[in-house]
Chemist: 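My questions will all concern the structure given below.
Below, read A as the first sequence line, B as the second, and so on, with proteins coming before strands; counting in each chain starts at 1. Everything quoted here is computed from the prediction, not taken from an experiment.
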Number of protein chains: 2
Amino acid sequence: MARSKYAEVCEEVCTHPEILGRVAPEMPDEERLYDLAELFKVFGDTTRIRILYVLFESEMCVCDIAALLNMTQSAISHQLRILKQARLVRSRREGKTIFYALDDDHVRTVIGQGMEHIEEKHGRKRA
Amino acid sequence: MARSKYAEVCEEVCTHPEILGRVAPEMPDEERLYDLAELFKVFGDTTRIRILYVLFESEMCVCDIAALLNMTQSAISHQLRILKQARLVRSRREGKTIFYALDDDHVRTVIGQGMEHIEEKHGRKRA
DNA sequence: CTAACACTTGAACAGATGTTCATATGTTTT
DNA sequence: AAAACATATGAACATCTGTTCAAGTGTTAG
């Protein structure tokens, strides 16, 4: 008895067709949700978060970032490429060196909200 | 973990000590940055993003979510556990069924900003 | 009690991810 | 021209991640 196009997973006893029918149309396209997850994946790495935090303060060249984070220049370069593809940073050449900077203000908001969440929920484990 | 002075990666020609000295003190603790990356990792998966979007609309039981997303109830349950550990959702038992809901409003903000970023940067590839 | 149900959990496997190492590109200096 | 420098990139490797499958809770109905 396929009552709606969703369902078939549980018996009808559990699934609530009226909710499914109401929620389903509100979902964004699969493609958009995929892109969104891809974007957050970029934020989901300590090295990249640290790079972004560094760039909060100032535009900076690759080897300065590497020095600050105490990491290989190659590793930083790999991560900068990912950040750039996600349009979170942009680069500018000046002679031999290339300067990276934040490309966007959403970055600050997203990271800021993430920090708030952590402070609020996770922050007082022993308070 | 040799926390030597910053530098040693490039010659002094490249690294700019005054920038390093100014930026370094502004960085949050390693632990906080790690937690932040962990949080964004949670957002960085299509299934979990879809679950969160579903919960934007309404509190919902596991098998309804599974039905909506056309996935195994087990897979959904695994992901809900991760979302719960990150304090992004909370659960409530009612008889045999367990209802999940958003635990926080930061979730909406973060996802909203992420969406904005995508619309803005990635949105018009062919516009 | 037992059966049915909604959900959880652990192990296992395929696929993705980040760093390293070696090498390549592009720019300036000599 | 070649050498020196800042950065980029490809392959390889170990580690992590998400789903599936099978078995485990805990709750209600008969």
Chemist: Rounded to the nearest 0.5 Å, how far does OG1 of T97(A) lie from CZ of R92(A)?
Modeler: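 If I round to the nearest 0.5 Å, the distance is 7.5 Å.
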
Chemist: Check DNA chain D against residues 43-53 of chain B and give the residues with a non-hydrogen atom under 4.0 Å, in numerical order.
Modeler: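 Under 4.0 Å from DNA chain D: D45(B), T47(B), R48(B).
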
Chemist: Can you tell me how far P of dG18(C) sits from CZ of F40(B), to the nearest Å?
Modeler: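 For the pair F40(B) CZ and dG18(C) P, the rounded distance is 15 Å.
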
Chemist: Mind calculating the distance between CG (N70(B)) and P (dT19(D)) to the nearest angstrom?
Modeler: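 Rounded to the whole Å, the gap is 13 Å.
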
Chemist: Taking CG from D64(A) and P from dT7(D), how many angstroms apart are they, rounded to a whole number?
Modeler: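 The answer, rounded to whole Å, is 8 Å.
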
Chemist: Using the side-chain heavy atoms of T97(B), tell me which of these nucleotides is nearest: dT20(D), dA8(D), dA6(C).
Modeler: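 Given the options dT20(D), dA8(D), dA6(C), the side chain of T97(B) is closest to dA6(C).
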
Chemist: Minimum heavy-atom separation for M115(A) and L36(B), please, with both atom names.
Modeler: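 Taking M115(A) first and L36(B) second, the nearest heavy atoms are N-CD1, 3.5 Å.
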
Chemist: Please give me the minimum heavy-atom distance between F40(B) and I111(A), naming the atom from each residue.
Modeler: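 Heavy atoms of F40(B) and I111(A) come nearest at CZ-CA, 4.0 Å.
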
Chemist: Identify which one of D105(A), D103(A), D104(A) satisfies the side chain to side chain donor-acceptor pair (under 3.5 Å) criterion when paired with H117(B).
Modeler: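 It is D104(A), the one option of D105(A), D103(A), D104(A) that forms the side chain to side chain donor-acceptor pair (under 3.5 Å) with H117(B).
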
Chemist: Can you see which heavy atom on I98(A) is nearest to which on S91(A), and at what distance?
Modeler: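 So the minimum-distance heavy-atom pair works out to CG2-CB, 3.7 Å.
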
Chemist: Does Y34(A) OH have over 12 foreign heavy atoms under 6.0 Å away?
Modeler: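 No, OH of Y34(A) has 12 or fewer neighbouring heavy atoms, counting only those of other groups under 6.0 Å.
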
Chemist: Using whole Å, report how far CG of L80(A) lies from C1' of dT7(D).
Modeler: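 To the nearest whole Å, that distance equals 10 Å.
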
Chemist: Q85(B) CD to dT8(C) C1': how many Å, rounded?
Modeler: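 It works out to 13 Å between those atoms.
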
Chemist: Which nucleotide wins on minimum distance to the side chain of I82(A), given the candidates dG18(C), dT9(D), dT17(C)?
Modeler: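 Closest nucleotide among those given: dG18(C).
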
Chemist: Check whether any side-chain nitrogen or oxygen of Y100(B) sits under 4.0 Å from OP1 or OP2 of dT8(C), and answer yes or no.
Modeler: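 The answer is yes; a side-chain N or O of Y100(B) sits under 4.0 Å from OP1 or OP2.
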
Chemist: Give a yes or no on whether a donor-acceptor pair under 3.5 Å exists between the nucleobase atoms of dC21(D), that is its base, and the side chain of S74(B).
Modeler: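 Side chain to base: pair found, below 3.5 Å.
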
Chemist: Return the polar atom pairs (N/O with N/O) between nucleotides 26-30 of chain C and the protein under 3.5 Å, or none.
Modeler:
residue, atom, partner, partner atom, Å
dG26(C), O3', R93(A), NH1, 3.4

Chemist: So is the aromatic ring of H78(A) stacked onto the base of dT9(D), judging by whether the centres are under 5.5 Å apart and the planes are under 30° apart?
Modeler: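 Stacked: centres under 5.5 Å apart, planes under 30°.
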
Chemist: Which atom names give the shortest non-hydrogen contact between R93(B) and G95(B), and what distance separates them?
Modeler: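 Looking at all heavy atoms of both residues, the shortest contact is NE-O, 3.2 Å.
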
Chemist: How many Å lie between NE2 on H16(A) and P on dC5(C), as a whole number?
Modeler: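 In whole Å, dC5(C) P lies 15 Å from H16(A) NE2.
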
Chemist: Measure from CE on M71(B) to C1' on dC21(D) and round the result to the nearest Å.
Modeler: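 The answer, rounded to whole Å, is 14 Å.
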
Chemist: CD of Q79(B) versus P of dC7(C): gap in Å, rounded?
Modeler: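 So the two atoms are 16 Å apart, to the nearest Å.
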
Chemist: Please identify which of these residues, L80(B), D45(B), L88(B), I82(B), meets the side chain to side chain contact (heavy atoms under 4.5 Å, CB included) condition with I51(B).
Modeler: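 Result: among L80(B), D45(B), L88(B), I82(B), L80(B) is the only option passing the side chain to side chain contact (heavy atoms under 4.5 Å, CB included) with I51(B).
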
Chemist: Taking all heavy atoms of R32(A) and all of I118(B), pick out the closest pair and write down the distance.
Modeler: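 Closest pair (atom of R32(A), atom of I118(B), distance): O-CD1, 4.5 Å.
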
